[in-house]
Student: 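What follows is a structure written as structure tokens; I'll ask about it next.
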Amino acid sequence: MLELTVDAHRRHGPFTIAAALAHSTVPTVAAPELHDLELRAVAPDLDIPVRRTSVADQLARSERILIPGPRHTLRLANGLAEYLRPLLPIRLTVANLAQADPTDHEFLEVVRRRLSLDVIDSGDAPEPDLTPEEHDLRASDLEASGLIRPRFGELAYHRERGGDPELAAKALWDAMGRCLMAGFHHAAADLGERALALAGPDDWWRIAYGVALACSSIDREDDARKLLDEARRRGVGPKERATSAYLTAMLLVRHHNPARRDPEEAMAWINEAIIITSLLPDRRERAFHLSFDLNGAALVQVRRRRHDAARDLVEQAIDLAERDLAEGEHPIHRLVLRANRATLLAMAGEPEQALPDLDAAIAADPGYPDYYIDRGNALHQLGRHDEAVADYETAMEVGLPLPEPYYNRAEIRFARGDLQGALADLSYVLELDPEFVAAYVNRSGIWAALGEHAKAKADALRGLELEPRNAYLLAALGQAEATLGRHEAALTAFRTSLDLDPEAATTWAGRAVLAYELGDLDGAVADLTRAIQLEESPAFLFNRAVALRDLGEQESARSDLERAARLDPGDEDIRALLSAI
């Protein structure tokens with residue numbers, strides 16, 4: 001058994017516990033490169049062979065425009081859990097857990113849930129009682145070591161407690177930037193706010209912008225907005241003011257609380273950004289910043305449900321970048337623009353037209369998983385299911401553990417009748433992310449198809465804990481309750497579901513089945529009639545024919561069966577009932 005004691009205090013940086021485990025285990029592991037992305041992220045000072053890489057890894061920081069999203073740390077934690085699984089049993093003793101960075105709390109939640117890891121909280125341990133001179137000496141030692149890991153926090157901690165505010169601000173800013181690019185947003189915000197307290201006016205904006213970016217990713221939009229408003233009060237330069245306007249618009253359309261999103265106000269802010277960047281005198285600089293803002297305006301227009309306008313804006317951005325940027329300049333920005341155009345084409349029901357842009361984005365950066373998922377979705381829309389599955393499986397291979405490709409593959413497996421394969425995929429989705437509500441919907445349906453109605457109900461209820469007004473989950477709950485003989489509960493669930501989504505044909509049909517079983521033939525016919533108005537399904541027509549037959553309405557029943565047979569000529573049940581009437 002591996003036994004390890006770790007001081008998890010946030011002064012050591014994000015993922016301190018995971019880094020300690022990596023340092024303790026990598027020398028004994030035969031092929032650490034199988035989890036190179038995860039290990040390099042939490043312990044970049046270790047010499048991990050590179051197996052998976054992205055074009056961003058070879059670019060200067062100014063061209064790495066994609067900041068990892070809020071779920072990135074969960075993906076890292078899941079990948080690390082899978083790295084550790086063969087190394088069990090492990091016993092961890094953790095000091096200063098209450099003072100740990102959120103990444104460490106998230107990591108422990110994952111390994112406890114997925115690995116049943118034995119973790120002992122040993123309580124608080126005192127911080128080192130050093131003089132400012134000793135802190136300076138410790139910081140100098142860390143700088144001289146050349147190690148990257150301390151630059152996530154420990155170096156900044158010692159500089160902050162040393163005798164030189166300027167060096168402390170520089171160390172804090174450097175650590176903030178590293179954390180921001182790594183997706184460690186809580187640490188980036190904390191380090192940046194401490195740097196702002198020491199920074200002079202010349203450095204204020206670059207630090208404040210990083211803090212605002214970090215806060216926007218961790219449900220602290222109000223704090224981000226305060227910094228952007230302060231930037232406007234301070235009278236920052238044109239580029240900075242345009243950036244403030246752009247980020248303000250993004251806060252308004254991406255707010256973690258949907259009720260606080262305001263695409264109309266966002267449109268005003270993004271237009272201000274566009275006006276300013278269109279006046280920048282340098283052609284290449286203008287091309288980058290203006291095309292970036294036009295792309296942001298496209299997102300705002302999508303939120304305003306003006307998809308044609310959004311597509312026009314992305315087209316303008318692509319034309320501008322291709323015309324005025326130097327060859328090979330800003331490759332990530334270019335591929336993002338093409339991928340966004342593909343997304344808009346797919347949303348407009350043109351997946352075939354989206355494929356060339358997705359092909360180009362993947363060719364430009366074969367190590368980025370998201371575009372394989374997007375292309376897989378387009379291929380799925382086109383009925384090219386084998387190719388879609390290949391793209392989903394490539395996304396699984398080149399990136400961190402993501403729930404989306406498994407969820408999407410489950411849909412194809414289900415459609416092909418592979419219920420066990422679909423069930424395995426959805427169960428893995430929920431292992432990676434227990435809050436992935438759509439997976440509960442689909443897994444509940446599969447449990448029902450397999451006759452596991454208690455499990456179907458359990459999944460519906462778990463999903464409803466997360467989204468109490470989810471019409472699909474309520475419909476799944478209604479079906480499970482009906483099968484379990486809880487008719488009143490089933491009727492309540494169906495009624496609530498239809499109140500939320502009266503256009504759901506399958507819910508009307510599900511309630512009709514219950515009505516039929518309860519002897520309410522007229523109610524069954526009425527519900528099936530509504531279902532057929534929404535979706536002319538042979539199954540719905542067959543069920544209504546059965547109810548009509550039992551009501552003695554033979555001609556109407558025959559008419560429904562004839563229509564059902566035209567839609568599905570191979571269905572033996574339809575043919576058998578038709579011959580009997």
Side-chain angles (χ1 to χ4, degrees), residues 15 18 22 26 29 31-83 148 177-184 217 295 321 325 327-343 346 354-379 387-409 428 432:
F15 277 116
V26 162
V29 173
E33 64 272 17
L34 294 177
H35 295 278
D36 61 330
L37 290 176
E38 300 93 320
L39 293 169
R40 284 159 43 207
V42 302
D45 46 327
L46 285 175
D47 186 19
I48 307 295
V50 175
R51 181 175 70 89
R52 297 169 292 179
T53 187
S54 167
V55 68
D57 296 335
Q58 286 80 49
L59 293 177
R61 194 154 153 183
S62 61
E63 294 200 332
R64 294 175 61 187
I65 63 168
L66 292 178
I67 303 295
R71 307 294 279 176
H72 182 68
T73 52
L74 176 61
R75 297 171 182 176
L76 287 171
N78 274 309
L80 290 162
E82 291 171 9
Y83 162 75
I148 300 173
R178 291 176 184 273
C179 288
L180 194 62
M181 297 308 297
F184 306 153
S217 296
N295 186 53
L325 288 177
E327 185 176 355
E329 188 178 18
H330 287 295
I332 293 180
H333 177 53
R334 294 173 191 262
L335 70 88
V336 166
L337 291 175
R338 296 201 66 175
N340 286 353
R341 181 169 64 183
T343 298
L355 289 177
D357 279 333
L358 291 168
D359 291 343
I362 288 169
D365 191 358
Y368 192 67
D370 294 50
Y371 300 138
Y372 291 104
I373 298 173
D374 292 342
R375 190 172 68 180
N377 293 344
L379 291 165
E387 294 169 86
V389 167
D391 269 351
Y392 296 146
E393 291 175 350
T394 303
M396 298 171 193
E397 173 62 25
V398 303
L400 296 167
L402 293 167
E404 287 80 7
Y406 292 92
Y407 176 83
N408 294 347
R409 187 175 68 177
Y428 184 61
L432 293 176

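Because the structure is a prediction, the values reported are computed rather than measured.
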Student: Kindly list each side-chain donor-acceptor pair under 3.5 angstrom involving residues 389-401, sequence neighbours excluded, with atom names and distances?
Tutor:
from   : atom 1 : to     : atom 2 : distance (Å)
Asp391 : OD1    : Arg375 : NH2    : 2.9
Asp391 : OD2    : Arg375 : NE     : 2.7
Tyr392 : OH     : Gly376 : O      : 3.3
Tyr392 : OH     : Asn377 : N      : 3.3
Tyr392 : OH     : Asn377 : OD1    : 2.6
Glu393 : OE2    : Arg409 : NH1    : 2.8
Thr394 : OG1    : Ala390 : O      : 2.9
Glu397 : OE2    : Arg51  : NH1    : 2.6

Student: Are side-chain heavy atoms of Val55 and Tyr368 found at a separation under 4.5 Å?
Tutor: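 Answer no - side chains too far apart.
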Student: So how far is it from Phe184 CZ to His72 NE2, rounded to the nearest 0.5 Å?
Tutor: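 Between Phe184 CZ and His72 NE2, I get 6.5 Å after rounding to 0.5 Å.
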Student: What's the separation between atom CG in Asp47 and atom CG in Leu39, rounded to the nearest 0.5 Å?
Tutor: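 Result: 12.0 Å between the selected atoms.
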Student: Can you find a pair of side-chain heavy atoms, one from Ile67 and one from Met181, that are under 4.5 Å apart?
Tutor: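 Side chain of Ile67 against side chain of Met181, heavy atoms only: contact under 4.5 Å found.
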Student: Begin with the C-alpha distance, continue with both residues' side-chain angles, and end with the deciding distance and a verdict on side chain to side chain contact (heavy atoms under 4.5 Å, CB included) for Leu37 and Arg75.
Tutor: CA-CA 10 Å; Leu37 290 176; Arg75 297 171 182 176; over 6 Å; no
Student: For Ser54 and Asp365, work out which heavy atoms get closest and say how close.
Tutor: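 Taking Ser54 first and Asp365 second, the nearest heavy atoms are OG-OD2, 2.7 Å.
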Student: Please step through side chain to side chain contact (heavy atoms under 4.5 Å, CB included) for the pair Leu325 and Arg334, ending with a clear verdict.
Tutor: CA-CA 10 Å; Leu325 288 177; Arg334 294 173 191 262; 3.2 Å; yes
Student: Does any part of the side chain of Glu38, heavy atoms only, come nearer than 4.5 Å to the side chain of Asn78, both counted from C-beta?
Tutor: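 Asn78 does not reach Glu38 side chain to side chain.
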Student: Quick one: are Leu358 and Tyr372 in side-chain contact, heavy atoms under 4.5 Å?
Tutor: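 Contact flag for Leu358/Tyr372 side chains = no.
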Student: Compare all side-chain heavy atoms of Leu402 with those of Pro405 and state whether any distance is below 4.5 angstrom.
Tutor: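 Answer yes - side chains close enough.
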Student: Main chain of Arg52, side chain of Asp36: is a donor-acceptor contact present, judged purely on distance under 3.5 Å?
Tutor: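 Pair found, side chain donor or acceptor close to backbone of Arg52.
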Student: Measuring only between side-chain heavy atoms, which start at C-beta, is Thr53 closer than 4.5 Å to Gln58?
Tutor: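 The answer is yes; the side chains approach within 4.5 Å.
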Student: Should Asn295 and Val336 count as side-chain neighbours, where that means a heavy-atom distance under 4.5 Å?
Tutor: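 Of all side-chain heavy-atom pairs linking Val336 with Asn295, at least one is under 4.5 Å.
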Student: What are the two closest non-hydrogen atoms of Pro403 and Leu432, and how far apart are they?
Tutor: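 Minimum heavy-atom contact is N-CD1, 3.9 Å.
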Student: For the pair Tyr371 (side chain) and Pro366 (backbone), establish whether a donor and an acceptor sit closer than 3.5 Å, ignoring hydrogens and angles.
Tutor: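 Not a single qualifying donor-acceptor pair exists.
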Student: Would Leu34 and Tyr83 count as a side chain to side chain contact (heavy atoms under 4.5 Å, CB included) here? Give the steps.
Tutor: CA-CA 8 Å; Leu34 294 177; Tyr83 162 75; over 6 Å; no
Student: Calculate, to the nearest 0.5 Å, the distance between atoms CG and CD belonging to Asp374 and Glu404 respectively.
Tutor: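 Between atom CG of Asp374 and atom CD of Glu404 there are 10.0 Å.
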Student: So which of Thr343, Asp359, Asp357 actually passes side-chain hydrogen bond (donor to acceptor under 3.5 Å, both in side chains) with Arg338?
Tutor: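 It is Asp357; the other options fail the test.
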Student: Return the minimal non-hydrogen interatomic distance between Ala321 and Leu337, and the atom names on each side.
Tutor: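 Ala321 and Leu337 have their closest heavy atoms at CB-CD1, 4.1 Å.
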Student: Heavy atoms, side chains only, cut-off 4.5 Å: are Asp57 and Arg40 in contact?
Tutor: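 Yes - at least one pair of side-chain heavy atoms lies under 4.5 Å apart.
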Student: Shortest non-hydrogen contact from Pro44 to Val42?
Tutor: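 For Pro44 versus Val42, the nearest heavy atoms are CD-C, 3.5 Å.
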Student: Of all the heavy-atom pairs spanning Ala43 and Ala22, show the shortest one and how long it is.
Tutor: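 Ala43 and Ala22 have their closest heavy atoms at CB-CB, 4.1 Å.
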